[in-house]
Amino acid sequence: MTHRQETEVVADKAQQTAPKRKVFMRTYGCQMNVYDSERMNDVLGPQGYSATENLEDADLVILNTCHIREKAAEKVYSELGRIRKVKEERALSGKDMMVGVAGCVAQAEGEEISRRAPIVDLVFGPQSYHRLPKLLDEAKTGKKVVETEFDIDAKFEHLSEHAAKPVMKRPPAAFLTVQEGCDKFCTFCVVPYTRGAEVSRSVQQIVEEAERMAASGVREVTLLGQNVNAWHGEDADGKTWGLGRLLYRLSEIDGLDRLRYTTSHPRDMDDELIEAHRDLKTVMPYLHLPVQSGSDKILAAMNRKHTRDEYFRLIDRIRNAAPDIALSCDFIVGFPGETDQDFEDTMDLIRRVEYGSAFSFKYSQRPGTPGATMGDQVPEDVKSARLAELQELVAAQTKAFNASRLGMTCDVLLERKGRNPGQLVGKSPWLQAVQLDAPEELIGTIQAVEIVKIGSNSLFGRLNAGHHDLNGSSQDAIKEAAFDA
Ligand code: 5AD
Ligand code: SF4
């Protein structure tokens, strides 16, 4: 889930009347932070802010941070060191620069941040973004502002209002947060502490936001949640829906051609959600379903609440419903107490499942989590060796999966210009990047593309308007075949 993206704010009427200021937003960590940064831009646009990618030009700097592993959290402090120099240089020419730290480091460390980095003017956690204008006003009085309250319902309500008058230029593929927080308390993870308890947005809020997105040119929506498949939102009659039912409802929205969701927990994969993969051609054949470890002993110590066998059975059910699905995963190596045999169990699980892609990490002790104080911490060199071995296996599986697409014609959503002139980049149904020569006017459309070459990080394709192998009716045919079996 590593992701960094700067977003763009376009001028609207409100911006033209408000004083012109520039915001430099840097986003670390997961897609939820990318979505949150977009919402902060929605809030800042009417305040006269437009985005800049040059730190030197910024009147306001916001670092939207990630606390998931120590490395991610430490990045913030090294970036603040760089920002301090620029802030001092701007001050010499009489220009101000306000510095804010948002996101999960802000939530976890609070005022400790401005103690460690005195250039920071405001620290605010993920549930405070709708109050940003007020917090900025307070910070302008010279007061150090720290806001780490949990009031998630208020956040969603207010951010929905802002998103209702969009000032953002929407890319063809966008994120939509449906659920935030986590009640699972895996023993390695800070999320239940930084994002708080699980909260689901209502059906109406989500449907309205998705409709607005579709109306502004979004073709693909990825539903986000730390535990997205635990989403259980209420409809207008007070009935509780699960994520599967929501996918059926969102599939009815005109112009929304593709739906994805992330990140899922194996325990919350219910029949309706699996059936949505079988029945709906809008639901893309890709699933990120972290297992973290293949050892029953480690799964129990991690408090994952399922066994490796249960995971295998789940994978079988999913593949029976959607045979062409690409599976993705997260793994942690070197969790406290992990022996060579436990690690071998993880390698065996990977060999059996065969992933399209996977992310893997060395266990990182996070303050306040149960794992941090467990005995039997694994030495760093052992973690490194295991990680290298695991990543080699996953790389081979990714390569094989990508190679299996060669010669196939599939739907590609063309998202943006590529590095070379005349080139566009899009995404296959299986979330692979596809590069091809195509005119710019096709950005935002879905095209039949023949995969002609496999690169190390992306596929290369050729427009193939006349022919479809794996989309539309032929993809339905595959799903029907699976259903019959
Ligand atoms: N150490 C290493 N990896 C972690 N993750 C979460 N917490 C930790 C930690 N303490 C990984 C998990 C999770 C992904 C987002 O980050 O694999 O699925
Ligand atoms: Fe963290 Fe586990 Fe919740 Fe995922 S399910 S956010 S890993 S506590």
Side-chain angles (χ1 to χ4, degrees), residues 1-4 27-34 65-75 103-105 107-108 126 152 177-200 224-232 243 261-269 287-295 298-306 311 314 327-338 343 346 349-350 355 357-374 377-380 382-384 386-387 390-391 394:
M1 281 220 289
T2 47
H3 216 109
R4 208 198 79 192
T27 309
Y28 300 88
C30 64
Q31 291 100 327
M32 176 89 63
N33 270 6
V34 175
T65 61
C66 172
H67 200 244
I68 197 95
R69 284 170 294 275
E70 191 179 357
K71 237 197 214 158
E74 280 307 313
K75 267 190 209 154
C104 293
V105 177
Q107 187 66 40
I152 196 164
T177 295
V178 299
Q179 178 279 336
E180 219 181 305
C182 183
D183 295 340
K184 295 271 190 303
F185 290 92
C186 299
T187 51
F188 52 81
C189 186
V190 285
V191 166
Y193 312 96
T194 56
R195 292 277 175 167
E198 233 178 75
V199 176
S200 294
L224 294 181
Q226 269 91 23
N227 228 309
V228 74
N229 58 345
W231 176 84
H232 53 285
L243 192 69
Y261 58 94
T262 198
T263 289
S264 296
H265 192 290
R267 295 257 308 174
D268 294 317
M269 237 21 245
L287 179 62
H288 184 61
L289 194 63
V291 68
Q292 314 294 358
S293 169
S295 148
I298 297 296
L299 286 171
M302 285 175 164
N303 193 30
R304 296 288 293 180
K305 300 196 180 85
H306 67 79
Y311 184 76
L314 175 59
L327 291 171
S328 156
C329 202
D330 289 340
F331 295 99
I332 295 177
V333 298
F335 186 78
E338 186 187 73
F343 175 65
T346 302
L349 178 143
I350 298 172
Y355 291 95
S357 60
F359 302 94
S360 47
F361 313 96
K362 287 192 266 185
Y363 172 66
S364 164
Q365 279 171 282
R366 307 309 292 127
T369 60
T373 48
M374 285 180 184
Q377 297 285 333
V378 175
E380 209 47 37
V382 176
K383 287 186 203 171
S384 301
R386 288 179 186 166
L387 187 69
L390 187 153
Q391 289 185 337
V394 167

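Every number for a ligand or one of its atoms is a count from 1 in the order of the listing. Side chains are part of it too, since the values below use all heavy atoms of this structure and drop only hydrogens, waters and symmetry mates.
- Side-chain contact annotation: Ser364 with Glu70, donor-acceptor N/O pair under 3.5 Å absent.
- Checked against the 6.0 Å centroid threshold, Phe188 and Phe361 do not count as a close aromatic pair.
- For the pairing with Cys189, the side chain to side chain contact (heavy atoms under 4.5 Å, CB included) check across Asn303, Thr369, Ile68 returns one residue only, Ile68.
- Near Lys362, with a cut-off below 4.0 Å to any heavy atom, the atoms of ligand 1 are 1 (N), 2 (C).
- Atom 3 (Fe) of ligand 2 has an N, O or S atom of Cys182 closer than 2.8 Å.
- Where the criterion is an N or O separation shorter than 3.5 Å, residue side chain and backbone included, Ser364 meets it with respect to ligand 1.
- When non-hydrogen atoms are compared, ligand 1 lies under 4.0 Å from the side chain of Phe361 (C-beta onward) but not from its backbone.
- At a heavy-atom cutoff of 4.0 Å, ligand 1 is contacted by both the backbone and the side chain of Ile68.
- The Asn227 neighbourhood of ligand 2 comprises atoms 3 (Fe), 5 (S), with distances under 4.0 Å to a heavy atom of that residue.
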Step-by-step ring-ring contact (aromatic ring centres under 6.0 Å, His included) determination, Tyr193 to Phe185: CA-CA 9 Å; Tyr193 312 96; Phe185 290 92; 5.6 Å; yes

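- Proximity to Cys186 (heavy-atom distance under 4.0 Å) selects the following atoms of ligand 2: 2 (Fe), 5 (S), 7 (S), 8 (S).
- Using a 4.0 angstrom heavy-atom cutoff, Arg304 counts as in contact with ligand 2.
- Residue Arg69 has at least one nitrogen or oxygen atom sitting less than 3.5 Å from a nitrogen or oxygen atom of ligand 1, judged on distance alone.
- Less than 4.0 angstrom separates some heavy atom of Gln292 from each of these atoms of ligand 1: 12 (C), 13 (C), 17 (O), 18 (O).
- Within ligand 2, the atoms closer than 4.0 Å to a non-hydrogen atom of Pro192 are 8 (S), numbered from 1 in the order shown.
- In this structure, Gln365 does not count as a contact residue of ligand 1, since none of its heavy atoms falls inside 4.0 Å of the ligand.
- Contact check on Lys362 versus Glu380 returns a salt bridge, with a Lys/Arg side-chain nitrogen under 4.0 Å from an Asp/Glu carboxylate oxygen.
- In this structure, NZ on Lys305 lies 7.5 Å from SG on Cys186, to the nearest 0.5 angstrom.
- Less than 4.0 angstrom separates some heavy atom of His265 from each of these atoms of ligand 2: 5 (S).
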